[in-house]
Amino acid sequence: MHHLFVGHPARTILLGSAGLLLSACSLMPSKPAAPGVPATAALPDATIAYTLAGHGAVPVVFQSAMGDGKDVWAKVVPEVAQQHRVLVYDRPGYGDSQKTSTPRDPCTIAAQQRALLAQAGLKPPYVLVGHGLGGLYQYVYARLYPQDVAGLVLLDPTHPQQWSRMQTEASTYAMLLKTRRKLMFNSAESAEFDAQAQCLQHVDMASPLRIPAMLLVRDKFGIEETGSFENLVRAQEKDWQRLSGAPAIERITGTGYYIQKDNPVIVNEAVKMLTRKK
């Protein structure tokens, strides 16, 4: 919903590196997947609405950006569900999930997701897919529970230091964001925004992850994002490559912030690549 968080320049690809020499038109779903099964998990600290779909050995778990629910993955899930068990969900305060008063820091959200996966009957290891702030949440999950993770796909992930650096390096955009938070954010968005860097001091980010990872970043920025904010995001992409251990920064031609909507085929192929590496 909010194009807020995303970040050595990457090479522009159709998808080029790491064996993803694929044509989007030839990779459209060959058959429709079975519709997902909606369910609700009553966790000790939240009640979460989620959907399970598909069949396969390695479950794939999707985490949305701030302001988005599970529906943002609608163009991706049917294809992935042909080969995998897939779980998408609404974090508390979004979509069909009730609000919660529990902390909204990345570590708490990662622990909450782990409890959700256990209640849903999905056994690790998982391939985790995260967009925007959801990418940071999936990264933290992989740090806290490395034994649970088979691979990580990050789509324009929010950098751990994005907000702190934005206030000094892209101050005009930071002021715009502060205004949006005050006037437009709902309570769930405000809580996640305010807590985005909390607990990260306890997360080991000194060395790369030791799991297969892919880093997909957008090609285009909106008019209000060009200039200092875009420069900050591009600079932080290189550090995301270090943090994740991804072999390359994959800039997806023609896409904006919502890579999963603009080019769902690329996201599907990234998941396939990681499961082949497992």
Rounded distance (nearest 0.5 Å) linking atom CD of Gln112 with atom OH of Tyr89: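 Rounded to the nearest 0.5 Å, the CD-OH separation comes out at 7.0 Å.
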Nearest-0.5 Å distance, CD1 of residue Ile266 to CE of residue Met214: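 Answer rounded to 0.5 Å: 8.5 Å.
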Donor-acceptor contact below 3.5 Å, side chain [X] vs main chain [Y]:
X: Thr47; Y: Gln98; value: no
X: Arg85; Y: Ala57; value: no
X: Thr179; Y: Met175; value: yes

For Asp105, salt bridge (charged side-chain N to carboxylate O under 4.0 Å, His left out) partners two or more places apart: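 So Asp105 forms no salt bridge (charged side-chain N to carboxylate O under 4.0 Å, His left out) with any residue.
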Charged N-O contact under 4.0 Å between [X] and [Y]:
X: Arg104; Y: Asp194; answer: no
X: Arg180; Y: Glu189; answer: no
X: Asp219; Y: Arg251; answer: no

Face-on cation placement of Arg218 at Phe221 ring, 6.0 Å and 45° thresholds: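 Verdict for Phe221: a cation-pi partner in Arg218.
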Distance flag, aromatic centroids of Phe229 and Tyr173, threshold under 6.0 Å: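 Yes, ring centres under 6.0 Å apart.
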Pairs flagged by salt bridge (charged side-chain N to carboxylate O under 4.0 Å, His left out) wherever residues 109-133 is involved - sequence neighbours left out: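 Every pair satisfying salt bridge (charged side-chain N to carboxylate O under 4.0 Å, His left out) with a residue in residues 109-133: Arg114-Asp148.
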Distance-only side-chain donor-acceptor flag, Gln260 / His131, under 3.5 Å: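 Short answer, yes.
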Modelled atom types, side-chain donor and acceptor of Arg91 and Gln63, under 3.5 Å: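 On atom types as modelled, these side chains qualify, holding a pair under 3.5 Å.
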